[in-house]
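A note on names: the letters A, B, ... follow the listed sequences, proteins ahead of strands, and every chain is numbered from 1.
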Amino acid sequence: MLRTKLAELFRAILSELVGEGRLPAEVLQIPIEISDPKNPEHGDFACNFALVASKVSGMNPRALGEALAEKLTANYSSILTEVEVAGPGFINMRIKPEFVAGYVETVLTPDFRLESASRVAHPLKINVEFVSVNPNGPITIGSGRGAAYGSTLCNVLEAVGNTVHREYYINDGVNSEQMRQFAESVKAIIEGRPVPDKGYKGDYVHEVAEKIATKDQTIDWYQEQSQKLMLDAQRSVLAQFGVEYDTWFSEQSLHDSGMVDAEIDSMVDKGIADYSLTRTKLKMAKGGRIEDVLFETQKTDAEEEDEVNLDALIPTPIPIAEPSMAGSVADPDPLELLDPMPDHITTLDEEEVDREISEGSPVDNDGVTLWLRSAKLGDDMDRVLRRRDGRLTYIASDVAYHKDKFNRPAGTDKLITVLGPDHHGYIGRLTAVVAAMLMAKPQVGEPLIDDIDAKLFKDSGEKEACEAALAEAKRRLEVQIFQLVRFVKDGKPAPMRKRDGNIYALIDLMKEIGVKLKPEGSEAEQLEAGKDVARFFYLMRSHDTTFDFDLDLAEKQSDENPVFYVQYAHARICSVLAKAEAALGAAKAPNLSALLVHDREKALIKKIVDLPDEVRRASEDYGMHRIANYAIELARTFHYFYDGCRVIQEDQPELSKARMKLCEATKRTLKTTLDLLGVSAPEKM
RNA sequence: GCGCCCGUAGCUCAGUGGAUAGAGCAAUUGCCUUCUAAGCAAUUGGUCGCUGGUUCGAGUCCAGUCGGGCGUGCCA
């Protein structure tokens, strides 16, 4: 907020200097950065503009700095007390205490909203999809990072003025092999048969079976029932973790409404999908450059049968990655650990393949694959939309889904998808999907000369249409990948799976931490404590880097735990304010700037003033850890103030009341910060 | 092979191209007859993996290289 104000001042004096002919107009293009000097001797804020603009202005940095400083002093002595040029050309500034202290009063006005201070220039309508795991298992501690990150990202994006829609995509397509296996497992348990070798065996499967407990139904019925139960469980855990959605979107609904078929027709019409038997693959060189375009000829079913080549029919061993969005490992075996559903089937045997082929053909393609020509849209190869047996792939529903998402909120500008580390290969694919959906039907163009282009595209018209669509897709789809979390206990990596072979679920993590922290507390209190600590730990580190979740530290109810450090500051303020009000009456706003002159008071005010900048920055680079780190810094600055500046002093009522005001501002700012993180701000501890 | 992420204090990690690289944990030592000691202060601890480049200025940007983690290489 202050920074923005200072940048405006610079902008104004630059215009003036340009107007006077002392500087070339180009300097107005240079962005102005106001920084925060580490050394207090360098003033409250500094600006490096003279150094940056030296070349463009044709002046040496020192001289340019002097010119700027002179103008600042002349025009803005009401705000700035001291302006000096230092070192190679930094402009160091001190701000009038009245001006800074005014912000404390602003923070305390009843209708003050964070958004008003940190609002971005052009608010967007944004759809954020996060977590979205398959409804065939509990939310794991791996998905926990995505849940904490995604929900706080939404809060932050909203705080800077965007309209945000929180969305969960339910992978409930009836063709899902995994959901079918899950249903088979549940059915087997109910009917007293052993779970198929490669079926789902965790405790939660038995819980689902117990709840359903009805025999002799069709497998479709079991699939529907077990899916519904798992989804309810996921919804409830996420709610306890502080995550709420605007929309739970069903994949199957896209098929039922005919949207998927419509999109497929549209893509075929635009020529970006076709039945030609050739698949394009790109050979990539370092740096993402296309080195060569390769073609592979596919065989039809009829030819295939002649060769009796079953191998080619078996869908690649089903990716362990599938249900995952995992995001956490702890054990040396990465594959096993990445999979939050370790008990489920990972391959199909030949018999199952036969059954698939004979049963599951809603549409017959005459044994010919329908390809999305995604290699033309930045992906490294073409992808299958409809298998030879007629079943649609998940990519087909993705096209329709992404089109539909732009309706939530109405007129959506941007889609953000938060994915786990095992999905980073999806970025190109999803971008191609959105590009295919947005693409216009190509005009007929000129033949292409460049070797690679000529191989890849029909003509210049198609190339242009594809490139335009891809550029638009990149603008409108943002995929954020969060990295792995390693859980550490007793200084060693903790297994993702418990001793009994069950998965480590998010709800277990919350309960375990809660029980340790509040052994005497109610279940609800324990869950809340577990939620607070887990959320804070997930959010403390950049989502873009793997980190260790220290369970020992998380379970400590002491000064070592940063969550308590921050919460304690809030509780401490509440206690002090209550006591102060009893002794001195309500806080008033006397002359804050004249009274709050102690170094520790000024440091605290400055930190409070920083929140809008920090929030805006987080909204720009998606770094939610900034908010958690800010919370720690604000708490530290408060504790430091508390230690050096006694609030309640009966012989100095004016000063006491001013400090009470400062405490209230801190309390409010801490609360706002913790709200963004989804962590509670207790009034006493 | 290609892609993504990481390499900063003994450990876990911050760090907006800027001035003397920070915090927490761990270690040592002080501070409660006054507002919550779940707090504060002080001390110790660094070839920012390596080599070049861009720049007035590089932990930060670029190229290369070494090391670690993960993903991916024909129809989930």
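- A donor-acceptor contact shorter than 3.5 Å is absent between the side chain of K283(A) and the backbone of L294(A).
- Taking atom C1' in both rU54(B) and rG64(B), one finds a spacing of 15 Å when rounded to whole Å.
- Contact record, G420(A) with I481(A): O-CG2, 3.8 Å, taken as the closest heavy-atom pair.
- Under 3.5 Å, the side chain of N92(A) and the base of rA19(B) form at least one donor-acceptor pair of N or O atoms.
- rG18(B) and rU65(B) have their P atoms separated by 28 Å, given to the nearest Å.
- Summary of the strand contacts: P88(A) and K684(A) both lie near RNA chain B, and taking for each the nucleotide with the nearest heavy atom, the more 5' one is attributed to P88(A).
- Distance OH (Y640(A)) to C1' (rU36(B)): 21 Å, rounded to an integer number of Å.
- When all heavy atoms are compared, the tightest approach of C645(A) to R600(A) is SG-CB, 4.2 Å.
- For the pair L484(A) CG and rG71(B) C1', the computed distance is 10 Å after rounding to whole Å.
- Look at rC25(B): its Watson-Crick or wobble partner, with both distances under 3.5 angstrom, is rG10(B).
- Here A580(A) lies out of heavy-atom contact (under 4.0 Å) with every strand.
- D544(A) has its CG atom 18 Å from the P atom of rG69(B), to the nearest Å.
- Evaluation of the side-chain hydrogen bond (donor to acceptor under 3.5 Å, both in side chains) rule for D172(A) yields S250(A) as partners, not counting sequence neighbours.
- The nucleotide rC70(B) finds its pairing partner in rG3(B), both defining distances of the Watson-Crick or G-U wobble pair being shorter than 3.5 Å.
- When side chains are defined from C-beta on, F638(A) counts as touching R572(A), because their heavy atoms get closer than 4.5 Å.
- With a cut-off of 3.5 Å on both Watson-Crick or G-U wobble distances, the partner of rC75(B) is given as none.
- One can place CG of L553(A) at 17 Å from P of rA38(B), the figure rounded to the nearest angstrom.
- In this structure, the aromatic ring of F90(A) is not positioned over the six-membered ring of the base of rG18(B) within 5.5 Å between centres and 30° between planes.
- Figure legend. rU33(B) is base-paired to no nucleotide; pairs are counted as Watson-Crick or G-U wobble with both atom distances under 3.5 Å.
- With both ends at atom C1', the span from rG17(B) to rC35(B) equals 45 Å, rounded to whole Å.
- Among the protein residues, C47(A) comes within range of no part of the nucleic acid, since none of its heavy atoms lies under 4.0 Å from any strand.
- M685(A) comes within 4.0 angstrom of a nucleotide base, judged by non-hydrogen atoms across all strands.
- Taking syn as a glycosidic angle within 90° of 0, rC32(B) qualifies as syn.
- If you find the closest nucleotide of RNA chain B to L51(A) and to M381(A), the one lying nearer the 5' end belongs to L51(A).
- Nucleotide rG45(B): unpaired (no Watson-Crick or G-U wobble partner with both distances less than 3.5 Å).
- Exactly one residue among D613(A), D621(A), D610(A) makes a salt bridge (charged side-chain N to carboxylate O under 4.0 Å, His left out) with R626(A). That residue is D621(A).
- A straight line from CZ of R388(A) to C1' of rC75(B) spans 7 Å, rounded to a whole angstrom.
- With C1' as the reference atom, rU28(B) and rC66(B) are 38 Å apart, rounded to whole Å.
- Between the P atoms of rG22(B) and rU47(B), the separation comes to 15 Å (whole Å).
- Atom name P, nucleotides rA63(B) and rC4(B): the rounded distance is 11 Å, in whole Å.
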Review point. When every nucleotide of nucleotides 8-17 of chain B is labelled 5' to 3' by its protein contacts under 4.0 Å (heavy atoms), B for base, S for sugar-phosphate only, - for none, what sequence of letters results?
Key: ----BSSSB-

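- Shown here are the salt bridge (charged side-chain N to carboxylate O under 4.0 Å, His left out) partners of E620(A), two or more places apart in sequence or in another chain: R616(A).
- Within the 4.0 Å cut-off from OP1 or OP2 of rC40(B), at least one side-chain nitrogen or oxygen of Y565(A) is found.
- The distance between atom NZ of K607(A) and atom P of rA23(B), rounded to the nearest whole Å, is 12 Å.
- In a base pair of the Watson-Crick type (N1 to N3 plus N6-O4 or O6-N4) or a G-U wobble (N1-O2 and O6-N3), with each distance short of 3.5 Å, rU60(B) is matched with no nucleotide.
- With respect to R617(A) and E614(A), a salt bridge is recorded, a charged nitrogen being found less than 4.0 Å from a carboxylate O.
- Taking the charged nitrogens against the carboxylate oxygens, R429(A) and D398(A) have no contact shorter than 4.0 Å, which rules out a salt bridge.
- In this entry the distance linking CD of Q480(A) with P of rC4(B) reads 14 Å, nearest Å.
- Within 4.0 Å of I648(A), counting heavy atoms only, lies at least one base atom of the nucleic acid.
- rA38(B) and rU20(B) have their C1' atoms separated by 33 Å, given to the nearest Å.
- Across all strands, A569(A) comes closer than 4.0 Å to no nucleic acid atom at all (heavy-atom distances).
- Heavy atoms of K283(A) sit nowhere under 4.0 angstrom from any nucleic acid atom.
- Taking a cutoff of 4.0 Å between a charged side-chain nitrogen and a carboxylate oxygen, R391(A) and D389(A) qualify as a salt bridge.
- On the P atoms, rC13(B) is 15 Å away from rC70(B), given to the nearest whole Å.
- Residue R429(A) contributes atom CZ, which lies 12 Å from atom C1' of rG3(B) at whole-angstrom precision.
- Using a 5.5 Å limit on the distance between ring centres and a 30° limit on the angle between planes, the aromatic ring of H42(A) counts as stacked on the six-membered base ring of rA19(B).
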